[in-house]
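Following: one structure in structure tokens, then a few remarks.
Since this is a predicted model, take the numbers as computed values, not measurements. Letters A, B, ... mirror the listed sequences (proteins, then strands); counts begin at 1.
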2 protein chains.
Amino acid sequence: MFFQINPSNGIPVYEQVSRQIMFAVASGSILPGEMIPSVRELARELAINPNTVARAFRDLQDQNILQTVRGTGVAVTHGARAKCISARTRVIRDRLRDVLAEARQSQLDEAELQAIIDAEFENSKKRKH
Amino acid sequence: MFFQINPSNGIPVYEQVSRQIMFAVASGSILPGEMIPSVRELARELAINPNTVARAFRDLQDQNILQTVRGTGVAVTHGARAKCISARTRVIRDRLRDVLAEARQSQLDEAELQAIIDAEFENSKKRKH
DNA sequence: CATACCGTACTATCACGGTGATACAGATGC
DNA sequence: GCATCTGTATCACCGTGATAGTACGGTATG
């Protein structure tokens with residue numbers, strides 16, 4: 001797997017894991033029906049605890065995004081793609097909404113906020129790889 | 001005081017309090033030299049624990065934004081305004097940067113991201129009061 | 001059958017944010 | 001002087017996120 005965890009992010013690690021798996025499904029990096037790394041392997045790769053990974057898997061299983069077969073491994077369900085795409089948009093939009101709400105509430109000047117948004121958006125484009 | 005607390009925000013309550021005081025100073029809602037509500041009063045207003053407010057005050061005191069006098073109350077220092085203005089910009093920009101980084105990392109389509117940003121920015125304008 | 005891997009389920013432990021309660025020292029106003 | 005406000009400090013407690021270790025049942029492969 002190809003993503004990284006930020007332990008001091010405010011966002012719980014198990015949630016970062018489940019999110020990034022969702023994102024990978026949404027973008028097509030993981031295809032429905034495909035198997036994903038085991039709890040223990042993913043925990044080793046991300047240098048986090050297997051329990052934390054297991055919890056992320058359990059959450060995704062509850063959302064019918066992952067399907068686990070005891071003794072075999074974990075696979076992405078066939079209905080997962082659409083769910084992950086809409087969930088991805090929702091997550092991004094919600095987080096963006098929070099930031100903008102805080103910006104509004106801070107009485108930051110309208111034009112200045114617009115300038116920050118534009119600058120950071122351009123910046124993030126450059127950092128895209 | 002005029003701000004509200006979101007207990008289930010991921011952001012610690014004591015940090016929300018200190019932030020919003022900073023924002024109020026930055027925007028001129030509280031002027032340097034002015035007294036702010038006491039620990040107990042603010043705790044009562046926000047329906048949170050006095051210890052939590054005290055911690056926010058202590059943090060701001062460590063940054064030389066607040067000046068406390070035992071037995072009297074808490075006042076905004078005279079150098080606070082500039083500090084708060086730059087801190088506000090930094091906070092907003094950092095949070096925005098986090099969201100954009102996550103959006104990039106999710107492989108969300110460039111145009112779609114742009115559309116979400118525009119839509120939410122317009123939305124937040126309307127919700128401004 | 002034996003081994004190795006898989007997911008799952010516990011129990012214990014720790015750090016941190018938050019609450020609740022209490023106590024103390026300094027300042028103010030009557 | 002005394003009551004009452006102020007900030008400060010300390011204690012115990014709880015919930016949650018995370019770690020660590022162990023154990024159990026199912027599956028695949030030899």
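Atom CG in B:Leu42 sits about 14 Å away from atom P in D:dT8, given to the nearest Å. A:Asn49 has its CG atom 11 Å from the C1' atom of D:dG17, to the nearest Å. Separating the CD1 atom of A:Ile5 from the C1' atom of D:dT19 is a distance of 15 Å, rounded to the nearest angstrom. At whole-Å resolution of the value, CE in A:Met35 and P in C:dC5 are 15 Å apart. Across the protein-nucleic acid pair, A:Asn9 atom CG and D:dA18 atom P stand 11 Å apart, rounded to whole Å. D:dT6 atom C1' lies 13 Å from atom CD1 of B:Ile36, rounded to whole Å. Atom pair B:Leu46:CG and C:dG18:P shows a separation of 13 Å (rounding to whole Å applied). Rounded to an integer number of Å, the gap from CG of B:Asn51 to P of C:dA21 is 11 Å.
Between A:Gln61 and the phosphate of C:dT8, there is a side-chain N or O to OP1/OP2 separation shorter than 4.0 Å. OP1 and OP2 of C:dG18 both lie 4.0 Å or more from every side-chain N or O belonging to B:Tyr14. The side chain of A:Thr68 contributes an N or O atom lying less than 4.0 Å from OP1 or OP2 of C:dT8. For D:dT6, one of the phosphate oxygens OP1 or OP2 lies less than 4.0 angstrom from a side-chain nitrogen or oxygen of B:Ser38.
A:Glu15 comes within 4.0 angstrom of no nucleic acid atom, judged by non-hydrogen atoms across all strands. Contacts of A:Gln67 with the nucleic acid, taken as non-hydrogen atoms under 4.0 Å apart, are absent.
Closest approach to the B:Arg70 side chain among D:dG7, C:dT19, C:dT28 is made by D:dG7 (side chain taken as heavy atoms from C-beta onward). Set against D:dG17, C:dG17, D:dT19, the side chain of B:Arg55 has C:dG17 as its closest nucleotide. Comparing D:dT8, D:dA18, C:dG18 by their nearest atom to the side chain of B:Pro12 picks out C:dG18. Of all nucleotides listed (C:dT28, C:dT8, D:dT19), C:dT28 comes nearest to the side chain of B:Thr72.
A search for salt bridge (charged side-chain N to carboxylate O under 4.0 Å, His left out) contacts involving A:Glu15 returns A:Arg19, not counting sequence neighbours.
Remark: the A:Arg40 side chain and the C:dG7 base include a donor-acceptor N/O pair separated by less than 3.5 Å.
B:Leu100 is listed as a side-chain neighbour of B:Ile117, based on a closest heavy-atom distance under 4.5 Å.
Across the interface with DNA chain D, nearest-nucleotide mapping of A:Val69 and A:Gln16 shows A:Gln16 to be the residue nearer the 5′ end. Each of B:Val39 and A:Thr52 was matched to the nucleotide of DNA chain D holding its nearest heavy atom; the match closer to the 5' end belongs to B:Val39.
We find that A:Arg104 and A:Glu110 are joined by a salt bridge, their nearest charged nitrogen and carboxylate oxygen being less than 4.0 Å apart. Using a 4.0 Å cut-off between a side-chain N of Lys or Arg and a carboxylate O of Asp or Glu, B:Lys125 and B:Glu122 qualify as a salt bridge.
Of the N and O atoms on the side chains of B:Asp118 and B:Gln114, at least one donor lies less than 3.5 Å from an acceptor on the other residue.
None of B:Val74, B:Ile65, B:Val17 except one satisfies the side-chain contact (heavy atoms from CB on, under 4.5 Å) rule with B:Leu60; the exception is B:Ile65.
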